[in-house]
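Treat the numbers as computed from the prediction; the structure is a model and nothing was measured.
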Amino acid sequence: MLRIFLDTEAQVFADRFESAAAHISEELGNLEESLANTIRSMSDQLGWAESNIDDTSHTMDTILAYAKHTNDETNDVAARLRALFRQDARKDPVRDRELEKLTKRLVKEISADKSLVKSVLGGGELSYQMSGKPALELSVEDGQTALAEATKIIRYKEDLKNYHLSCLAPGECSEESIDAIIAALAGNKDPARSGRI
């Protein structure tokens with residue numbers, strides 16, 4: 001009986017094993033086919049992306065070439081306009097704006113350096129090199145004008161530091177203060193009282 005049972009069960013086990021092995025083999029085949037399709041699809045997409053990258057790169061190169069050409073043309077037009085304004089001695093708002101910005105920048109930079117302020121107050125000569133937009137919009141003479149104006153502004157600001165302003169009623173003024181005011185108004189500035197009126 002045991003032998004019959006084992007033969008029957010062995011046959012059932014073998015049938016089940018063969019069925020499971022066939023099913024696993026079929027699933028592996030499907031998986032292999034699915035992987036092959038996925039790899040083909042990815043390859044196609046990569047080829048498409050590479051093609052698009054090449055197209056984009058070419059388009060970017062074309063755009064950059066147009067931008068450079070436009071920039072060159074704009075610079076030529078700007079240079080011609082600057083030459084016309086200078087030749088005809090016309091008021092050039094761009095030049096005026098750049099000159100004012102340069103003057104303010106020079107005042108700020110010189111004021112920040114005590115040794116430069118001391119040199120300006122002592123009558124020393126300053127020089128600098130224009131670069132960037134001011135160098136494009138302004139002539140060397142314009143740069144010298146901006147520097148001269150900047151030193152004038154610095155001298156004026158520093159000179160203002162030497163004065164003290166007080167508002168008093170005439171009855172509150174000392175005789176000495178009244179004499180100093182009269183001397184200043186008359187142009188006889190007393191050096192001993194300079195800056196203290």
Side-chain angles (χ1 to χ4, degrees), residues 57 59-197:
S57 175
T59 303
M60 290 299 293
D61 289 343
T62 302
I63 290 170
L64 288 172
Y66 282 133
K68 183 183 179 330
H69 177 72
T70 303
N71 185 48
D72 292 345
E73 291 294 319
T74 302
N75 287 341
D76 287 347
V77 169
R80 289 179 183 147
L81 285 173
R82 274 188 231 101
L84 283 173
F85 276 114
R86 288 183 183 137
Q87 179 183 352
D88 295 345
R90 293 182 188 174
K91 185 159 180 67
D92 180 355
V94 174
R95 178 194 160 275
D96 293 345
R97 183 185 70 232
E98 288 301 317
L99 188 60
E100 182 180 344
K101 283 170 49 177
L102 177 60
T103 302
K104 286 179 180 179
R105 193 180 94 218
L106 288 170
V107 167
K108 183 179 178 184
E109 289 179 10
I110 293 169
S111 296
D113 187 334
K114 292 184 190 259
S115 65
L116 290 177
V117 172
K118 187 176 180 180
S119 178
V120 166
L121 295 177
E125 290 290 322
L126 297 181
S127 65
Y128 73 103
Q129 182 82 24
M130 272 195 303
S131 62
K133 189 164 183 183
L136 292 174
E137 297 295 337
L138 303 173
S139 67
V140 173
E141 293 80 21
D142 291 335
Q144 291 169 346
T145 300
L147 183 59
E149 183 64 22
T151 57
K152 182 178 167 186
I153 291 169
I154 290 169
R155 283 188 189 107
Y156 177 75
K157 285 182 175 183
E158 291 296 317
D159 194 37
L160 285 178
K161 292 178 184 178
N162 294 326
Y163 293 95
H164 172 76
L165 178 65
S166 298
C167 293
L168 301 172
E172 296 175 359
C173 292
S174 68
E175 196 66 36
E176 180 180 291
S177 295
I178 293 173
D179 288 343
I181 292 170
I182 292 170
L185 291 175
N188 301 330
K189 195 172 185 183
D190 182 358
R193 295 186 189 139
S194 177
R196 299 287 302 170
I197 297 177

Could you check if a side-chain atom of Leu116 sits within less than 4.5 angstrom of a side-chain atom of Val120, using non-hydrogen atoms only? no
Quick one: list whatever passes side-chain contact (heavy atoms from CB on, under 4.5 Å) with Glu172, sequence neighbours left out. Leu168, Ala169
Which distance, rounded to the nearest 0.5 Å, do you find between the CD of Glu149 and the CD1 of Ile154? 10.5 Å
What residues, two or more places apart in sequence or in another chain, satisfy salt bridge (Lys or Arg N to Asp or Glu O under 4.0 Å) together with Asp159? none
Is the CD atom of Glu125 crowded by more than 12 outside heavy atoms at less than 6.0 Å? no
Side chain to side chain donor-acceptor pair (under 3.5 Å) with Asp72: which residues, sequence neighbours excluded? Lys68
If the condition is side chain to side chain donor-acceptor pair (under 3.5 Å), which residues does Lys157 pass it with, not counting sequence neighbours? none
Salt bridge (Lys or Arg N to Asp or Glu O under 4.0 Å) partners for Lys152, two or more places apart: none
What are the two closest non-hydrogen atoms of Ile178 and Cys173, and how far apart are they? CG1-CB, 3.8 Å
Between Leu147 and Leu126 the two heavy atoms that sit nearest each other are CD2-O, 3.1 Å
Minimum heavy-atom distance Leu102-Ala146, with the two atoms named: CD2-CB, 3.7 Å
With Glu100, which of Lys104, Glu98, Arg97 fulfils side-chain contact (heavy atoms from CB on, under 4.5 Å)? Lys104
Residues at least two apart in sequence or cross-chain that pass salt bridge (Lys or Arg N to Asp or Glu O under 4.0 Å) with Arg105, listed by chain then number, are Glu109
Sidechain-backbone polar pair: Ser111 side chain, Lys108 backbone, donor-acceptor under 3.5 Å: no
Taking 4.0 angstrom as the limit, do Glu158 and Lys161 come out as a salt bridge? yes
Is a donor on one side and an acceptor on the other found under 3.5 Å between the side chain of Ser119 and the backbone of Ser115? no
